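Structure, as structure tokens:
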Amino acid sequence: MHSSIYNPDVLSCLANLSNDEVFTPPEIVNQMLDMLPQELFSDSNTKFLDPACKSGVFLREIAKRLLKGLKDKIPDDQQRRDHIFQNQIYGIAITELTSLLSRRSVYCSKYSNSIYSVSPFRDVSGNIRFKRIPHRWVNEKCAFCGASQGEYGEQKREGLESHAYEFIHTTNPEEIVKMKFDVIIGNPPYQLSDAGNGMSAKPIYHHFVNQAKKLNPRFLTMIVPSRWFSGGKGLDEFRRSMLNDSHIRKLVDYENSAEVFNGVDIAGGICYFLWERDSKGICEVTNYYDGKPIVSERNINEYATFIRHGRSAEIVRKILSQNKKYLVDVVSARKPFGLPTNYPPQDRGVPCWFIQKIGLKYAQKQDITDSGDLLNKWKLLIPKAPIAGQTDFSKPVGFYYNGNVRIASPGECCTESWIVAGAFLSKEEVLSYKSYVFTKIVRFLILQTVVSQDVTKKNYAFVPDLGKYDGVYTDDILRNKWDITDEEWMFIDSRITTLGGAESGK
């Protein structure tokens, strides 16, 4: 009778603190624990650390496995609990609130020395600590996490959390919990706002990964945003380090973050990985596509940007083997004419393209720079953020179509809202080039480096530069040119949307 009653795990139902501090569902925690050698849970000496405790779910699920795995070695239930909770599992909470929540989840009491604790400690914290510490300000930025003093200084945050997370606000993390750990596991905070009113944010999750590596555990597994695949704001060095780390033996990637965190939208998706101190080799990559896992084994440092799909990697590899020059050397950098997005339109001067709702107005000649010798050529202008609003890349993606690009005539410039995709001496050539960029195959190649709404110069690293552009390019022409099979074309076609006028090249 009662077996049909829905009784979900309470930790699956908790609302998240914010999109940056996300509670991990128990089923995902167990998928991460499944990657570890299971004999770890039958060893009474194994030590585990979660350096970013929020709900305590990682430590709780570890305790469950240890209670089962050590039953034969420590038959007495209370002795087994005491040994596990007091000698094997440790946590560092990110806030005072989450320290209480974690202890309640793990010890069944928010105070570990209370009569309600399943394993009473001598103090209130037990092995789940929280210490309030300050940021270290250097030139109005925190030397450890990069937080803005104007945003997170004591006067600004009086009575609020400072988000100075203990684990990453030290050069010697081993001094926090003075012991060696076999496993470090967790779901760190993802980012901090670094400009007022939530206008901008800087990633911080990579600091947790780097600190954990300093402790040199046998195993490290964390769940983090997938945006590091292509680097970006504060992540370029982290991307290089991760891609070239042969100790990363497993990588599981979800393009749609909602498949992991219900109701949470994280642009570019989410991933978790397994790092093994005593093992090196190629990586087992699992990418969830259309709700199903696609598994491949490959070197994740094959390219400077990680290609998440095994199928995509094969297609890119084929095309790159036939070409030597790429559009990353053709497309302009941001601010192609030195004019920021908020540059005010002028009544007279040099014709200038502003954001789409403003259109073609004017800029002062003295405000314009032209280091790329672009001004007096025919130009294809593309928006810097052509997929604004799309965060789920498991769905087909559309980049360019007639409604969101512009052909700029000789003598016309643009603000930072636009990037010059290519500049030519004739209108015929720029129109031909436009038809090339509009093909699904080219946009598919761009997609392999995209993890956010911005598409910039670096995202053209896999798009061949044909050198001379003549006539209208179609996907059939490129399929024949690069020997794209029917099966490969079906996959490409499924990843790129057909937008109004996009395939016409007009």
Side-chain angles (χ1 to χ4, degrees), residues 203 206 224-244 251 253-257 266-271 283 285 287 289 294 296 298-334 382-388 390-400 419-422 436-465 478 482 484 488 491-492 494-497:
H206 57 301
V224 297
S226 297
R227 289 192 290 270
W228 68 266
F229 290 172
S230 65
K233 191 174 187 177
L235 292 171
D236 287 338
E237 181 54 40
F238 180 69
R239 179 202 67 216
R240 284 189 288 269
S241 173
M242 291 288 281
L243 293 183
N244 289 293
L251 177 61
D253 171 45
Y254 293 82
E255 290 180 285
N256 182 2
S257 61
I266 299 172
I270 209 82
C271 70
C283 184
V285 178
N287 178 270
Y289 173 65
I294 299 175
S296 61
R298 48 199 171 105
N299 292 312
I300 60 175
N301 67 344
E302 183 176 7
Y303 306 110
T305 294
F306 175 66
I307 299 177
R308 60 204 319 172
H309 280 285
R311 291 180 186 174
S312 299
E314 294 174 1
I315 296 171
V316 171
R317 195 176 299 122
K318 173 187 283 189
I319 293 175
L320 265 56
S321 69
Q322 302 174 56
N323 295 276
K324 294 182 179 180
K325 294 183 178 181
Y326 301 92
L327 292 189
V328 68
D329 297 319
V330 173
V331 177
S332 76
R334 57 189 291 268
I382 55 175
K384 186 183 72 171
I387 50 174
Q390 178 156 354
T391 56
D392 176 9
F393 294 124
S394 65
K395 297 177 180 176
V397 179
F399 293 103
Y400 309 120
I419 294 170
V420 178
Y436 175 64
V437 172
F438 273 17
T439 62
K440 284 194 171 186
I441 293 176
V442 166
R443 289 184 284 151
F444 171 82
L445 292 172
I446 295 170
L447 176 63
Q448 304 319 306
T449 66
V450 171
V451 289
S452 71
Q453 65 179 7
D454 288 339
V455 179
T456 59
K457 177 183 179 73
K458 68 176 183 179
N459 299 110
Y460 284 77
F462 297 148
V463 183
D465 177 11
L478 297 184
W482 294 325
I484 303 296
E488 290 168 339
F491 180 68
I492 292 171
S494 72
R495 305 294 291 141
I496 304 297
T497 58

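Keep in mind the model is a prediction, meaning the values are calculated, not measured.
- Ring geometry, Phe306 versus Trp228: the interplanar angle falls under 30°, so the pair is classed parallel (tilted spans 30 to 60°).
- Under the 3.5 Å distance criterion, the side-chain polar atoms of Gln448 are left unmatched by any main-chain donor or acceptor of Ile307.
- Ionic pairing of Arg240 and Glu237 is present here: one or more N-O contacts between side-chain nitrogen and carboxylate oxygen are shorter than 4.0 angstrom.
- In terms of modelled atom types and a separation under 3.5 Å, the side chain of Lys457 and the main chain of Ala333 share no donor-acceptor contact.
- Residues Tyr436 and Val463 form a side-chain contact, since some pair of their non-hydrogen atoms from C-beta on lies under 4.5 Å apart.
- Asp253 is not listed as a side-chain neighbour of Val285, based on a closest heavy-atom distance of 4.5 Å or more.
- Listed here is the closest heavy atom pair of Ala421 and Val330: O-CG1, 3.7 Å.
- One finds the CZ atom of Phe444 at 4.0 Å from the CD1 atom of Ile315 (value rounded to the nearest 0.5 Å).
- You'll find the side chain of Ile446 reaches within 4.5 Å of the side chain of Val455, heavy atoms only.
- A distance of 8.0 Å separates CG of Asn323 from OG of Ser321, quoted to the nearest 0.5 Å.
- Within the structure, every pair that satisfies the ring-ring contact (aromatic ring centres under 6.0 Å, His included) test and touches residues 308-331, not counting sequence neighbours, is listed here: Tyr289-His309, His309-Phe491.
- Taking all atoms of both residues into account, the shortest heavy-atom contact from Pro225 to Cys271 is O-SG, 4.2 Å.
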Could you check Ile319 against Ile484 for side-chain contact (heavy atoms from CB on, under 4.5 Å), going step by step and ending with a plain yes or no? CA-CA 9 Å; Ile319 293 175; Ile484 303 296; 4.1 Å; yes
Could you go step by step and tell me if Phe399 and Leu447 meet the side-chain contact (heavy atoms from CB on, under 4.5 Å) rule? CA-CA 9 Å; Phe399 293 103; Leu447 176 63; 4.0 Å; yes
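- For the pair Pro464 and Leu445, the minimum side-chain heavy-atom distance is below 4.5 Å.
- Smallest separation of non-hydrogen atoms from Tyr254 and Arg308: O-NH2, 3.8 Å.
- Here Ile419 contributes atom CD1 and Tyr460 contributes atom OH; the two are 7.5 Å apart, rounded to the nearest 0.5 Å.
- Summarising the geometry of Cys283 relative to Ile300, their closest heavy-atom pair is CB-CG2, 3.8 Å, with the distance given to 0.1 Å.
- Taking the side-chain contact (heavy atoms from CB on, under 4.5 Å) definition, one finds that Arg334 meets it with Glu416, sequence neighbours left out.
- Scanning both residues, Pro383 and Pro386, for their nearest heavy atoms gives O-CD, 3.3 Å.
- Ser312 OG to Arg495 CZ: the interatomic distance, rounded to the nearest 0.5 Å, is 6.5 Å.
- With rounding to the nearest 0.5 Å, the separation of OG in Ser296 from CG in Leu251 is 9.5 Å.
- For the pair Tyr303/Arg317, a side-chain contact is recorded, criterion being any heavy-atom separation below 4.5 Å from C-beta on.
- Between the side chain of Arg443 and the backbone N or O of Phe438, at least one donor-acceptor pair lies under 3.5 Å.
- Here NZ of Lys440 is found 13.5 Å from CG of Leu478. Values are rounded to the nearest 0.5 Å.
- Heavy atoms from other residues, nucleotides or ligands lying under 6.0 Å from NZ of Lys325 number 12 at most.
- For Arg239 (side chain) and Ala304 (main-chain N/O), a donor-acceptor pair under 3.5 Å exists by modelled atom type.
- Side chain of Ser226 to backbone of Ile270: a donor-acceptor contact under 3.5 angstrom is found.
- Under the side-chain contact (heavy atoms from CB on, under 4.5 Å) criterion, Thr449 pairs with Thr305, Asn459, Phe462, sequence neighbours left out.
- Contact between Ile387 and Gly398 at its shortest, heavy atoms only, is CG2-O, 2.7 Å.
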